[in-house]
Amino acid sequence: MDAHLIVLGLTWFVVFLFSTTLHEAGHAFAAWRLGDPTAYEGGQVSLNPLPHIRREPFGMILVPLISFAFTHGSWMMGWASAPYDPSWAHHYPKRAGLMAMAGPAANLTLALFAGTMLRIGLATRAFRLPGPDELDFTQVVVGNGGWTNGTVTPLSILFMLNLLLFVFNLLPLPPLDGSAILPMFLSDSANQRYQEILHMPMLSMIGLLVSWQVFPYLFGPVYGLALRTLYLGMLY
């Protein structure tokens, strides 16, 4: 493994840890403020990744590193989770929906922050637009030499990864956050039936398989719109 790939892997891993930690801390904080202290008591209302890693060491360490190695440095995937009280979520579906929205909202915030930094870099000519053979997930802009070359990769990954996490987690399929947001818009009787269906065995596995199939068709237009917005008014 060459030095470039090691540095890229470390960059990916730091951004991944930060993004997933903020996502789960968002869930935990929202649940705590809305009446469920489960995650708060577990120490997950925190930007320290260690409580989150202790809960999901496989999804936050092992799988990300293995996925990076198997994709030869082009991708890193994994997961994390925050505990909550199912009875609280059942009795307060709107509060549970707000808790579910907090995670994707954290990812959207990070994507907007990274996008703003990239846009400022383009406007000040610290960065430039990538050529057709330069654009990829880890380089949505290109540095103009010096310190800027080391900045574009973490900002690009932060932008793209959090945009992806925001869209993916909003899919209304279990176990994704979108499936917990849907009850906010259902009547009590419809929510009761929905919860019964939601807890059927194997439904989460089916939901993930369907999500992986559907997601590329949904993310493609979002990705294109994000880049057009980022590059708006910029010329080569």
Side-chain angles (χ1 to χ4, degrees), residues 16-61 63-64 77-111 161-215 218-219:
F16 171 83
L17 276 184
F18 180 62
S19 302
T20 51
T21 294
L22 192 65
H23 179 105
E24 298 306 331
H27 285 316
F29 178 78
W32 173 51
R33 297 297 294 173
L34 292 169
D36 177 13
T38 306
Y40 174 79
E41 292 170 354
Q44 291 187 292
V45 182
S46 172
L47 296 182
N48 181 351
L50 291 179
H52 305 277
I53 291 172
R54 282 194 293 267
R55 178 171 171 81
E56 294 284 3
F58 191 73
M60 289 193 73
I61 296 180
V63 171
M77 64 177 292
W79 65 84
S81 65
Y84 69 96
D85 182 355
S87 64
W88 169 82
H90 177 72
H91 286 96
Y92 303 102
K94 288 185 171 56
R95 296 185 189 182
L98 290 172
M99 174 195 71
M101 291 173 64
N107 293 128
L108 179 60
T109 300
L110 287 178
L161 178 61
N162 281 281
L163 183 65
L164 185 150
L165 290 173
F166 170 70
V167 177
F168 184 69
N169 278 289
L170 286 180
L171 293 177
L173 295 167
L176 303 177
D177 295 328
S179 66
I181 295 172
L182 189 59
M184 293 179 66
F185 308 100
L186 300 177
S187 65
D188 290 342
S189 59
N191 184 45
Q192 177 67 36
R193 292 193 295 272
Y194 178 76
Q195 292 297 331
E196 292 172 359
I197 295 171
L198 201 62
H199 292 94
M200 290 174 58
M202 296 298 293
L203 191 59
S204 290
M205 181 64 70
I206 294 171
L208 280 176
L209 291 174
V210 173
S211 298
W212 278 115
Q213 295 298 314
V214 171
F215 180 70
L218 297 177
F219 187 67

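Note that this is a predicted model, so its numbers are computed, not measured. In what follows, every heavy atom counts, from backbone to side chain, and hydrogens, waters and symmetry copies are set aside. Start at 1 with the first residue, then count along the sequence.
- Between Thr20 and Met60 the shortest side-chain heavy-atom distance falls below 4.5 Å.
- Remark: side-chain polar atoms of Glu24 are paired, donor with acceptor, to backbone N or O of Ala82 under 3.5 angstrom.
- Note: Leu22 CG to Asn107 CG = 7.5 Å, rounded to the nearest 0.5 Å.
- Separation of atoms CG (Leu108) and CG (Leu165) is listed at 11.5 Å; rounding is to 0.5 Å.
- Two residues are said to be in side-chain contact when any heavy atoms from C-beta on lie closer than 4.5 Å; Ile53 and Leu17 meet this criterion.
- Contact detail for His52 and Gln44: the closest heavy-atom pair is CE1-O, 3.2 Å.
- With sequence neighbours left out, Ala102 forms a side-chain contact (heavy atoms from CB on, under 4.5 Å) with Ala30.
- Counting heavy atoms from C-beta on, the side chains of His90 and Gln192 come closer than 4.5 Å.
- Residues passing the ring-ring contact (aromatic ring centres under 6.0 Å, His included) test with Phe185, sequence neighbours excluded: none.
- Between Tyr40 and Phe29, every side-chain heavy-atom pair lies at or beyond the 4.5 Å cut-off.
- Of all non-hydrogen atoms in Pro104 and Ala100, the two that sit nearest each other are CD-O, 3.0 Å.
- With contacts defined as side-chain heavy-atom distances shorter than 4.5 Å, the pair Met77/Pro64 does not qualify.
- Residue pairs satisfying the side chain to side chain donor-acceptor pair (under 3.5 Å) criterion with at least one member in residues 25-38, sequence neighbours excluded, are listed as follows: His23-His27, His27-Asp177, Asp36-Thr38.
- To the nearest 0.5 Å, the span separating CG on Asn48 from OG1 on Thr21 amounts to 8.0 Å.
- Two residues are said to be in side-chain contact when any heavy atoms from C-beta on lie closer than 4.5 Å; Val63 and Trp79 meet this criterion.
- Under the rule for a ring-ring contact (aromatic ring centres under 6.0 Å, His included), the partners of Phe168 that lie at least two apart in sequence or sit in another chain are Trp212, Phe215.
- Under the side-chain contact (heavy atoms from CB on, under 4.5 Å) criterion, Glu41 pairs with Pro37, not counting sequence neighbours.
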Identify all side-chain donor-acceptor contacts of residues 91-99 below 3.5 Å with residues at least two apart in sequence or on another chain.
{"unit_1": "His91", "atom_1": "ND1", "unit_2": "Ser87", "atom_2": "O", "d": "2.8"}
{"unit_1": "Arg95", "atom_1": "NH1", "unit_2": "Leu34", "atom_2": "O", "d": "3.1"}

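- A distance-only check finds no donor-acceptor pair linking the side chain of Ser179 to the backbone of Pro175 [under 3.5 Å].
- Once rounded to the nearest 0.5 Å, the distance linking CG of Leu209 with CE of Met202 reads 8.0 Å.
- Closest of all the heavy-atom pairs between Asn191 and Pro183 is OD1-CB, 3.1 Å.
- The shortest side-chain heavy-atom distance between Ser19 and Leu110 falls under the 4.5 Å cut-off.
- By the 4.5 Å heavy-atom criterion applied to side chains, Leu170 and Leu176 are not counted as neighbours.
- Between Pro174 and Leu203, the closest heavy-atom pair is CG-CG, 3.7 Å.
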